[in-house]
Amino acid sequence: MKILMVRPYHFYDTFVSSKKMITGRHTMAKIGRFKNEQAKSEYLRAYDAVAAQWPVAAADLDIETSFGTTRVRKSGTGEGAPIVMLPGMPGMGLFWMPFIEELSREHVVYVVDPLGWAGRSEQTAPLEGQDDIVRWLIEVFDGLGAERVHLAGYSGGSWLSLLVASQRSDRLASISMLEPDAASFIRPKWGLLFKFLLGGIRPTREKMAKFTQWLTPGIELTDDMWALTLAAIKFRIAMPWSRTLTDEQLAGVSAPMLVLFGAQTVVNDPQEAAARARTMIPAADIEIIPGVGHEMLWAIPETVIPRFLGFVEQHDRVQA
């Protein structure tokens, strides 16, 4: 099964009009929530239908934090620091289902439903900014009993991972960014922002499918994933926008870092983003993979997943 949560049309609280985008008068929801109980019930039914297809043994954990209860799914066994995986925005831990069998073969893997995005986490306090995001994730690590983790994210999840690395590299055995989002290293282009905005005008399955093919060519969602994606529309998102990290923030990254870009990605200028990352974090292992774009994970998992796991194992050995 291929899982990709794509919601270009949903901009933190409601659908965003061009007027709100231009004037900046749009406000983010303080607490992530569904519009009503019926919408929540529909989403959770769709979520559970997908979760039932998880291909390996798993345990669902509810980790209490200052910002609410975070749902984490644990799979696999193994020595060394566990792997914590964050999905692309605005997805949930089930995002990693196509890859979990290989990821968890020799490692403990935790996949997270981020607070403020649709999922089985229950937010109770607002994430006011970047410091709160880092505090929340550190509290998740604490709740898991993990002193150090290999933290990895795709797209928007990469940005969340980078925030942690910029402030708390001491808690990371490594950080891996798989096809980072548009804002992690360089400012997003206005053309990209407007492309996302246009995708949010009266969203339909047909429009969303067209957008998905532009963003991640060749990816087809199953009927169960379409049900989950369409049900998620009625969730009011409350995770702060990703913002480009400053030089000072990037200089704070001391954990071993892997960054993989797709050369044909539409969300980044990979050459420019990689150049800034190399300048600010000289020790980082950065690669631009030819022939693929933002669909990199699904297009060439036989390349990306072993590359990522090899990096994880390399730094487990160093610590040992």
Side-chain angles (χ1 to χ4, degrees), residues 1-5 32 34 40-41 43-88 90-124 133 135-154 157 160-161 164 171-176 178 222 224-225 227-228 231-232 235 239 297 301 305 308-309 312-313 316 319:
M1 173 183 287
K2 295 179 179 178
I3 294 184
L4 180 67
M5 292 298 289
F34 287 92
K40 182 177 181 179
S41 295
Y43 175 85
L44 293 180
R45 282 196 299 271
Y47 181 106
D48 290 345
V50 174
Q53 300 169 46
W54 199 253
V56 297
D60 289 327
L61 310 173
D62 288 320
I63 306 300
E64 298 300 328
T65 75
S66 300
F67 306 94
T69 304
T70 302
R71 171 59 61 90
V72 179
R73 176 165 278 203
K74 177 184 179 182
S75 300
T77 59
E79 301 298 325
I83 298 171
V84 175
M85 308 293 291
L86 300 177
M92 35 56 197
L94 301 182
F95 173 97
W96 295 104
M97 184 157 63
F99 318 107
I100 191 61
E101 190 168 6
E102 184 171 2
L103 289 170
S104 65
R105 189 167 289 125
E106 297 180 2
H107 300 272
V108 173
V109 179
Y110 297 107
V111 301
V112 178
D113 285 5
L115 289 177
W117 294 350
R120 277 202 166 271
S121 293
E122 293 283 348
Q123 188 176 8
T124 57
I133 293 172
R135 179 183 172 192
W136 158 61
L137 280 168
I138 293 299
E139 290 183 7
V140 171
F141 301 164
D142 290 343
L144 295 171
E147 182 61 30
R148 303 182 81 199
V149 306
H150 295 282
L151 184 59
Y154 165 81
L160 300 177
S161 301
V164 176
R171 296 298 299 269
L172 303 183
S174 71
I175 169 179
S176 294
L178 310 178
T222 66
D224 284 340
M225 275 311 303
L228 185 56
F235 186 83
M239 173 70 76
L297 265 176
I305 301 303
F308 163 62
L309 289 176
V312 165
E313 289 158 8
D316 262 348
Q319 291 170 31

Which atom names give the shortest non-hydrogen contact between P301 and F99, and what distance separates them? CB-CE2, 4.1 Å

For the atom pair CG (L115) and OG1 (T124), what is the distance rounded to the nearest 0.5 Å? 8.0 Å

Taking atom CD1 of I175 and atom NE2 of H150, what is their separation to the nearest 0.5 Å? 12.5 Å

How many angstroms lie between CD in Q123 and CG in D113, if you round to the nearest 0.5 Å? 13.0 Å

I'd like to check P87 versus W117 (side-chain heavy atoms, cut-off strictly below 4.5 Å). Are they in contact? yes

For A51, give me all partners under side chain to side chain contact (heavy atoms under 4.5 Å, CB included), at least two apart in sequence or on another chain. Y47, R73, L94

Side chains of T70 and V112, heavy atoms from C-beta outward: is any pair under 4.5 Å? yes

Can you list every salt bridge (charged side-chain N to carboxylate O under 4.0 Å, His left out) pair that touches residues 47-59, not counting sequence neighbours? D48-R120

Are the side chains of L297 and W96 in touch, meaning some heavy atoms are under 4.5 Å apart? yes

On the 0 to 90° scale, with breaks at 30° and 60°, tag the Y43-F34 ring pair as parallel, tilted or perpendicular. tilted

Smallest separation among heavy atoms of V109 and L103, with atom names: CG2-O, 3.5 Å

Using a 4.5 Å cut-off on heavy atoms from C-beta on, say whether the side chain of P55 contacts that of M97. yes

At what distance, to the nearest 0.5 angstrom, does CD1 of I83 lie from CD1 of I100? 8.5 Å

Closest approach of M239 and I133, non-hydrogen atoms and distance? SD-CD1, 3.7 Å

Measure the CZ-CE distance between F308 and M85 for me, rounded to the nearest 0.5 Å. 4.5 Å

Do T222 and V50 touch side chain to side chain, with heavy atoms closer than 4.5 Å? no

Sub-3.5 Å donor-acceptor pair from the side chain of S121 to the main-chain atoms of R71, do we have one? yes

Could you list all the salt bridge (charged side-chain N to carboxylate O under 4.0 Å, His left out) pairs where at least one residue sits in residues 90-100, not counting sequence neighbours? none

Contact list for residues 95-106, test salt bridge (charged side-chain N to carboxylate O under 4.0 Å, His left out), sequence neighbours left out: none

Could you pull out all residues at least two apart from S66 that satisfy side chain to side chain contact (heavy atoms under 4.5 Å, CB included)? R135, E139

Between L86 and G157, what is the shortest heavy-atom contact and its length? CD1-O, 3.8 Å

Side-chain donor/acceptor of R148 to backbone N/O of R171, under 3.5 Å: no

Closest non-hydrogen contact found for A152 with S161 is C-OG, 3.7 Å

Does the T65 side chain pair with the main chain of G68, one donor and one acceptor, at a distance under 3.5 Å? yes

Do V149 and L144 have side-chain heavy atoms sitting under 4.5 Å apart? no

Do you know which two heavy atoms are closest between F95 and P98, and how far apart they sit? O-CD, 3.4 Å

The side chain to side chain contact (heavy atoms under 4.5 Å, CB included) partners of V108 (sequence neighbours excluded) come to K74, P82, Y110

